[in-house]
Amino acid sequence: YRIMQTNTTRSLKWLKGLTVAVSIYSCIYIILLTIRAMYYVGWVNIGPEPVKWIEGHEGLQCTILSIWWLSGVAFNLLMLIFAINSTRQLKSGTLFPVSNVGILFGCAAAHLLYKIATQNMPVLFDARRSITFDLGYDELLITTFICIFAIVYKIAGMIAEENSLTI
């Protein structure tokens, strides 16, 4: 019993440290993403040239910029929620919370939208370019990996719950 309690305490401390690291990373990333979006709009002058708003294409340009910012922020917030939820649930004895499965699928969707918007950022500077949906190997690999992790996580949660019921 003592060894199990020591390992649980160690795991909880490790998970708390991971949660703090994810929190710091997410906050910094969201702040930098917001500053970059403000630069693109022209509210902050930190680079060579903001977006060239081309008449008749402003809606498309705003849509790409909005999807880029919203999906980037959503991905980081979902990862933060995942880490916080995991830590809270581990304290109460749940190793794989069921609510994290939806969060992981949300992360996969946000990541994919972010990568599609990032690929189409050149439209912000030259609206005559066409929208492309060619995703590279790494973008699809990461999104697929997140989805597979969510499925495995869900199965592990079901197994853990089943084992706790039989004991």
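What you are looking at is a predicted structure, and each value in this text was computed from that prediction instead of being measured.
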| field | side chain to side chain contact (heavy atoms under 4.5 Å, CB included) partners for Ser26, two or more places apart | value | Val22, Asn76, Leu80
| task | First locate atom OG1 of Thr118, then atom CG of Leu113, and finally report the distance between them rounded to the nearest 0.5 Å. | result | 10.5 Å
| query | Going from CD1 on Ile151 to CD1 on Ile155, what distance comes out if it is rounded to the nearest 0.5 angstrom? | reply | 7.0 Å
| said: Please enumerate all residues that pass side chain to side chain contact (heavy atoms under 4.5 Å, CB included) together with Ile148, with sequence neighbours excluded. | reply: Thr144, Val152
| said: Tell me whether Leu32 shares a hydrophobic cluster with Leu78, the cluster being built from Ile, Leu, Val, Met, Phe, Trp, Tyr side chains joined at under 4.5 Å. | reply: no
| Close side-chain approach of Phe75 and Ile146, heavy atoms under 4.5 Å | yes
| Are side-chain heavy atoms of Gln119 and Tyr114 found at a separation under 4.5 Å? | no
| Who passes side chain to side chain contact (heavy atoms under 4.5 Å, CB included) against Phe96, sequence neighbours left out? | Tyr153, Ala156, Ala160
| field | Trp69 and Tyr40: CA distance, side-chain angles, deciding distance, ring pair (Phe, Tyr, Trp, His ring centres under 6.0 Å) verdict | value | CA-CA 11 Å; Trp69 184 80; Tyr40 283 145; over 10 Å; no
| remark: In this structure, CE of Met158 is separated from NZ of Lys154 (nearest 0.5 Å) by 6.5 Å
| For Ile24, what residues pass the side chain to side chain contact (heavy atoms under 4.5 Å, CB included) criterion, not counting sequence neighbours? | Val20, Ile28
| Residues Leu112, Ile142; criterion side-chain contact (heavy atoms from CB on, under 4.5 Å); working and verdict | CA-CA 9 Å; Leu112 186 61; Ile142 292 170; over 6 Å; no
| said: Count I, L, V, M, F, W, Y as connected when their side-chain heavy atoms are under 4.5 Å apart, and connections chain through other members. Are Ile64 and Val41 then in the same cluster? | reply: yes
| query | Is the closest side-chain heavy-atom distance between Phe105 and Cys147 below 4.5 Å? | reply | yes
| request: Measure the spacing between CG of Leu77 and CG of Leu70 and express it to the nearest 0.5 Å. | output: 10.5 Å
| request: With sequence neighbours excluded, tell me which residues meet side chain to side chain donor-acceptor pair (under 3.5 Å) with Thr19. | output: Thr87
| About how many Å separate SG of Cys107 and CD1 of Ile81, when rounded to the nearest 0.5 Å? | 8.5 Å
| Sequence-distant partners of Tyr25, ring pair (Phe, Tyr, Trp, His ring centres under 6.0 Å), two or more places apart | Tyr29
| remark: Tightest non-hydrogen contact, residues Ala108 and Thr143, listed as O-CG2, 3.6 Å
| query | Are Met38 and Ile67 co-members of a hydrophobic cluster defined by side-chain heavy atoms under 4.5 Å apart? | reply | no
| query | Taking atom CD1 of Ile103 and atom CE of Met79, what is their separation to the nearest 0.5 Å? | reply | 9.5 Å
